[in-house]
Amino acid sequence: MTLYNLPSFMAKVPYSFKEIESKWQHFWEEERSFHATEKSTHPKFYCLVMFPYPSGRIHMGHVRNYAIGDVVARYKRMKGFNVLHPMGWDAFGLPAENAAIQHGVHPSEWTYDNIAFMKNQLKKMGLSYDWSREIATCDPSYYGLEQRLFLKMYEKGLVYKRRSFVNWCSDCETVLANEQVVDGRCWRCESEVTQKDLEQWFFKITAYAEELLQDLEKLKEGWPERVLTMQRNWIGKSMGAEIHFPVVGRSSEFLKIFTTRVDTLYGVTFMSVAPEHPQILEWVKGTSQESSVRVFVEKVLKESQRDRTDLTREKEGVFTGVYCVHPLTQENIPVYVANFVLMEYGTGAVMAVPAHDQRDFEFAKKYNIPVKVVIQPEGEILDSKTMTQAYVEDGLQAHCGSFDGLKNQEAILKISEFLEEKKIGQRVVHYKLRDWGISRQRYWGTPIPVLHCHTCGTVPVPEGDLPVLLPKDVKFTGMGASPLADHESFVRARCPKCGGPARRETDTMDTFVESSWYFARYTCPQCDEPLDVSKVKYWLPVDQYIGGIEHAVLHLLYSRFFSKVLRDLGFLKVDEPFSRLLTQGMVIKDGAKMSKSKGNVVDPDMLIDRYGADTARLFSLFAAPPEKDLDWNDEGVEGSFRFLKRVWTKVNEFLEKKSGENSNVSLDSMEGMTDLEKKLYRKTHSTLKKVSQDIEDAYHFNTAISAIMELVNEIYHFDVEEKPSSRGMAILSEALKMVVILLSPFCPHISEELWEMLGESDSVGQVSWPHWNEKVLQEDSIEIVIQINGKVRSRLQIAPTLSSSELEKKILEDEKIQKFLSGARVKKFIHVPKKLVNVIV
RNA sequence: GCCGGAGUGGUGGAAUGGCAGACACAAGGGACUUAAAAUCCCUCGGCUGAAUAAGCCGUGCCGGUUCGAGUCCGGCCUCCGGCACCA
């Protein structure tokens, strides 16, 4: 059934997109058109889109993401690359478990049902995936191998268990990594995150902090600047010094602090430590300060993560009664517990320099602690009594003993050297990046392959016993501990070392672990080992990765870390997994991100049903450049559909006119062509050039498509005669074929169909991307814009070969120019070849 | 506060320092039709103007560089995104 009519004077064949799309989807499947192998003489190209979580249905964000990836894959194939374009499912995760709790359906069943449904949706989009490489991360054949990788990392000392305060989401009833806490809230459900003291498994991502930072340099060419910046900030390298302050009355004990401003060491007037600082309660034990410190510490610890990191909160603290000795001046320095000092960063203790640090300044003013200026701005004298805020800029050292008069940047080096010499401290580097906490107290994830034995302690599951399978018969109550912890036969185990009773680890891994190596697994999805080194070597790195910006520091950082680990384990040969990254923008409607609660959701199924996949793809690619947000607009979709119908109509009309005739006119020479013919002939080649460059240079699909639209408009203007000459028909034929070829990466179904109708035997996807003929682009006459003092006053048609002096002569003879010049003296001419002449008077 | 990115018609968006607004949507007009839809053609930044004559103004604001600035430089304003007591 169709919703439109074609003009009655032609159009015998309607554009039946449903039949066409299903026909070619079957063709590609039967021909295995997108099946990738390593046996190819062509250079490889690995095009990857971020795999989806099987939430139930695809949304417009997916449609856009996969349409972009498919254009790249199809274009690269036509350019002669051996393309790998795989798809799979990021299939572990909480929604499956929530569905189990709410609807009593098993997470496995829920997940596989969703996969089946969504796979069907993706197939209807005509995406050129090699489905034979499909991965579902919840399949034991995947997560079992992930457990093998876990054990290898364990052997290497890259996995460890530690008891610590961790981010806890009470809604999801599980722990979250730092990266997964956004503004003090859970990244998934947005409920407030609290701190919980738990035993947790960690990946030692900090061991790679420096390399993760350094290698961002290698990505400068291919990654968006802002993603690199976000990762750089997240890793947060700072260089400074650790300094040991002796504690008064405790001969062998020190308070260790970290500072990036050694130059301000002489300005220290107090110390501040975090409420969690392990030594502080010990030091105050039995003193008169003990109770007031205790009260303060307990008060702060009770506050939520959000409140504690609230910048507007007043800086507060309490004196501990403890004093340190200043290592250079030997003065006694009071130690405070302060609510703004973080235990997780540096040493959890800070030397406070109120004159040169705003936080310390505010704190000192509140508690009447002296302010000591030790950095003086050049040409100005700071007075600690009249200062209203800290001076944090550069300057010259003052009241700093032998360092006086030095520029503070030099003093950092000199004082650091001095401290090292005297063994008072040493230079150190700190990172904000923390180790990746991967334990999750949930069922639907990869079981951590470890046993706890009463006598042997923590024992890894032997490789031969892998995979540790998720038991199917579990109860989902949504209450209390993870369903695994309640599963008797899962928990009860034997220690492989001593044979004694052991308890199985019931935590599962963060689902970001699965997505940290799936891109490598796609190269060898059937391999018994985690990875087939030769295949991985052939395909990696991913040449083009495409996905949302929301993973700038989550998935993209974890994957980079995993790649380095896998490299060091001998599986990979590359340092970085993704050479080029394209972060596509969101799909917006009525000024907001599409969401159920806003009621502005466009359903891809409805869209495909009404207009077909080619239209859905075309609009997603045409309405905005890929990296920008796309404003969804129903009338715009209509416009894209109209365009495809225009192409369809014109090809059919052409075939009707051509029928019977079979003239083969050579288009080698443009001699004898009419102006109209030349115009279309040139447009055909200039469009090829523009589309090629737009796709190649920067994935400017929107302008590439608009260029094709221009060519189609030109064809409509050309085809005015009832019976064009055979040369005209040849030119028209070439133009139409060009439209079909250029359109094929964007709208593959209609392109295949039209290609076949035009009498071509190969699939249009197998055609080599054509080369444009630069000679054809040479115009017989070009238009030159004539400006007077920068204002457009006239235009001249000239031969491209005309010399500058002849052109100047012509300009001065021009009627309009003469009128504007009205006798004024011409000072000079500025020539922009083949474009413009500016006459200065 | 710091670091990115962006401000262009009614709208989405185009423009290696060289004709601002390609392409498309919406709007308006015309052709076809008994009529409507569809289709095809035309107009479409603002102002003055009868005008498809001519001219002036116009890319967030102010200034600069240049023969020439949406584009480069300096200073602001607004919006979006990220980071943020990181010592």
Side-chain angles (χ1 to χ4, degrees), chain A residues 2-11 182-183 224-234 236-238 240 257-261 264 272 308-313 315 338-342 344-353 356-360 362-363 430-432 549-550 552-553 585 588 619 622-625 627-640 642-643 645-646 649 690 697 700 702-710 712-713 716-717 783-793 795 816 819 827-833 835-841:
Chain A
T2 48
L3 302 159
Y4 57 89
N5 297 305
L6 287 162
S8 56
F9 59 88
M10 47 184 82
V182 181
D183 286 336
E225 179 61 37
R226 60 176 176 150
V227 176
L228 297 177
T229 307
M230 281 161 77
Q231 293 219 352
R232 212 171 282 129
N233 289 343
W234 191 260
K237 181 180 185 175
S238 53
I257 62 94
F258 172 71
T259 182
T260 54
R261 292 293 305 271
T264 64
S272 34
R308 276 193 71 175
T309 54
D310 179 6
L311 259 170
T312 59
R313 191 176 64 147
K315 291 166 188 29
N339 63 351
F340 61 89
V341 181
L342 305 172
E344 310 91 82
Y345 186 74
T347 60
V350 189
M351 67 177 208
V353 185
H356 305 295
D357 181 288
Q358 189 56 28
R359 293 158 300 181
D360 297 345
E362 287 167 30
F363 196 88
H430 273 288
Y431 300 92
K432 274 169 49 182
I549 185 75
E550 66 273 17
V553 282
I588 305 283
F619 181 71
F622 174 66
E627 66 279 4
K628 281 186 80 171
D629 284 350
L630 182 152
D631 207 340
W632 195 266
N633 169 285
D634 294 334
E635 282 99 8
V637 178
E638 199 79 48
S640 292
R642 201 175 302 152
F643 168 71
K645 280 191 291 181
R646 274 165 69 83
T649 304
K690 168 128 181 85
D697 299 346
H700 284 165
N702 56 331
T703 52
I705 292 166
S706 75
I708 302 172
M709 289 174 169
E710 281 185 59
V712 171
N713 289 344
Y716 268 76
H717 286 131
E783 188 184 77
I784 302 287
V785 169
I786 314 299
Q787 298 183 328
I788 295 176
N789 288 340
K791 288 199 170 186
V792 180
R793 293 306 186 194
R795 289 147 205 279
K816 282 189 194 157
K819 202 177 91 195
K827 282 195 200 136
K828 66 172 165 178
F829 292 90
I830 289 154
H831 290 265
V832 180
K835 273 193 180 151
L836 173 149
V837 176
N838 192 2
V839 185
I840 312 303
V841 296

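Protein chains get the first letters and strands the later ones, always in sequence-line order, with residue 1 at the start of each.
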(message) Please pick, from B/rC23, B/rC19, B/rC83, the nucleotide with the shortest atom-to-atom distance to any side-chain atom of A/Leu836.
(response) B/rC19

(request) Respond yes when some side-chain nitrogen or oxygen of A/Asn702 is under 4.0 Å from OP1 or OP2 of B/rA14, and no when none is. (result) yes

(message) Heavy-atom nearest nucleotide on RNA chain B for A/Phe643 versus A/Asp631: which residue maps closer to 5'?
(response) A/Asp631

(request) Over 60° means perpendicular and under 30° means parallel, so classify the ring planes of A/Phe619 and A/Trp632, tilted if in between. (result) perpendicular

(request) Mind checking the NE2-CG spacing from A/His700 to A/Asn702? Nearest 0.5 Å is all I need. (result) 7.0 Å

(message) Strictly by Watson-Crick or wobble contacts shorter than 3.5 Å, is anything paired with B/rA36, and which nucleotide is it?
(response) none

(request) If B/rC61 has a Watson-Crick or G-U wobble mate with both distances under 3.5 Å, name it; if not, just say none. (result) B/rG75

(request) Could you encode protein contacts along nucleotides 66-72 of chain B as a string, one character per nucleotide from 5' to 3', using B for base contact, S for sugar-phosphate-only contact and - for no contact, with a heavy-atom cut-off of under 4.0 Å? (result) -B-----

(message) Rounded at 0.5 Å granularity, tell me how far CD in A/Glu638 sits from NZ in A/Lys645.
(response) 7.0 Å

(message) I'd like the P distance from B/rU16 over to B/rG81, given in whole Å.
(response) 28 Å

(message) Using Watson-Crick or G-U wobble geometry with both distances under 3.5 Å, which nucleotide pairs with B/rC67?
(response) B/rG18

(request) Go ahead and name the base partner of B/rG4; Watson-Crick or wobble counts if both distances stay under 3.5 Å, otherwise write none. (result) B/rC80

(request) Taking only the side-chain heavy atoms of A/Ala624 (C-beta and beyond), determine which of B/rC86, B/rG18, B/rG13 contains the nearest atom. (result) B/rG13

(request) Look at the side-chain N and O atoms of A/Ser238 and state whether any lies under 4.0 Å from the OP1 or OP2 oxygen of B/rA87. (result) yes

(request) For A/Lys628 and for A/Thr260, find the nucleotide of RNA chain B with the closest heavy atom, then tell me which residue's nucleotide is more 5'. (result) A/Lys628

(request) Provide the distance between the two P atoms, one in B/rG21 and one in B/rA14, to the nearest whole Å. (result) 15 Å

(request) Side chain of A/Val341 only, please: which of B/rA87, B/rC83, B/rA24 is the nearest? (result) B/rA87

(request) Find out whether A/Val350 and A/Tyr345 are in side-chain contact, i.e. whether some heavy atom of one side chain is under 4.5 Å from a heavy atom of the other. (result) no

(request) Taking only the side-chain heavy atoms of A/Met709 (C-beta and beyond), determine which of B/rA24, B/rC19, B/rA84 contains the nearest atom. (result) B/rA24

(message) Categorize A/Glu225 for me: base, sugar-phosphate, or nothing, with a 4.0 angstrom heavy-atom threshold over every strand shown.
(response) nothing

(message) Taking any heavy-atom pair under 4.0 Å as a contact, classify A/Gly236: base, sugar-phosphate, or nothing.
(response) nothing

(message) Give me the distance, rounded to whole Å, that separates B/rU59 from B/rC72 when you measure between the C1' atoms they each carry.
(response) 16 Å

(message) Measuring only the P atom in each nucleotide, how far is B/rC61 from B/rU11? A whole number of Å is fine.
(response) 16 Å

(request) Answer with base, sugar-phosphate or nothing: what part of the nucleic acid does A/Gln358 contact at a heavy-atom distance below 4.0 Å? (result) nothing

(message) At less than 4.0 Å, is any side-chain N or O atom of A/Arg642 found next to OP1 or OP2 of B/rC25? Yes or no.
(response) yes

(request) Taking only the side-chain nitrogens and oxygens of A/Arg359, find out if one of them lies under 4.0 Å from OP1 or OP2 of B/rC86. (result) yes

(message) Below the 4.0 Å mark, does B/rC40 have OP1 or OP2 next to a side-chain nitrogen or oxygen of A/Tyr716?
(response) yes

(request) Please state the C1' separation for the pair B/rG17 and B/rG10 - nearest whole angstrom. (result) 30 Å

(request) Return no unless some side-chain N or O of A/His717 is found under 4.0 Å from OP1 or OP2 of B/rC42. (result) yes

(message) When the C1' atoms of B/rG60 and B/rC80 are compared, how many Å lie between them, rounded to an integer?
(response) 15 Å

(message) Can you tell me if A/Arg646 touches the phosphate of B/rC23, counting only side-chain N or O atoms and a distance under 4.0 Å to OP1 or OP2?
(response) no

(message) Need one value for A/Phe622: base, sugar-phosphate or nothing, where a base atom within 4.0 Å counts as base even if backbone is also close, heavy atoms only.
(response) base

(request) Identify whether any heavy atom of A/Arg226 sits under 4.0 Å from a base atom; if not, whether one sits that close to sugar-phosphate; answer base, sugar-phosphate or nothing. (result) sugar-phosphate

(message) Main chain of A/Asn233, side chain of A/Lys432: is a donor-acceptor contact present, judged purely on distance under 3.5 Å?
(response) yes

(request) Supply the atom-to-atom distance A/Thr703 OG1 to A/Lys690 NZ, rounded to the nearest 0.5 angstrom. (result) 4.5 Å

(request) Output yes when at least one side-chain N/O atom of A/Lys791 is less than 4.0 Å from OP1 or OP2 of B/rC57, else no. (result) yes

(request) Pick the C1' atom in B/rC62 and in B/rC56, then give their distance to the nearest Å. (result) 23 Å

(message) My understanding is that a pair needs two contacts under 3.5 Å, Watson-Crick or G-U wobble. By that rule, which nucleotide pairs with B/rC23?
(response) B/rG12

(request) Check the distance between B/rC3's C1' and A/Lys432's NZ and give it to me in whole angstrom. (result) 11 Å

(message) Work out how far the C1' atom of B/rC83 is from that of B/rG70, and round it to whole angstrom.
(response) 31 Å

(request) Tell me whether the OP1 or OP2 atom of B/rU39 has a side-chain N or O from A/Lys645 closer than 4.0 Å. (result) yes

(request) Would you mind telling me which of B/rC83, B/rG18, B/rC25 lies closest to the side-chain atoms of A/Lys835? (result) B/rG18

(request) Check the chi torsion on B/rG9 and let me know: syn if it falls within 90° of 0, anti if not. (result) syn

(message) Need one value for A/Val353: base, sugar-phosphate or nothing, where a base atom within 4.0 Å counts as base even if backbone is also close, heavy atoms only.
(response) nothing

(message) Pairing check on B/rG28: which nucleotide meets the Watson-Crick or G-U wobble criteria with it, both distances under 3.5 Å?
(response) B/rC42

(request) Could you tell me which nucleotide pairs with B/rA54 by Watson-Crick or G-U wobble geometry, both distances under 3.5 Å, or answer none if nothing does? (result) B/rU48

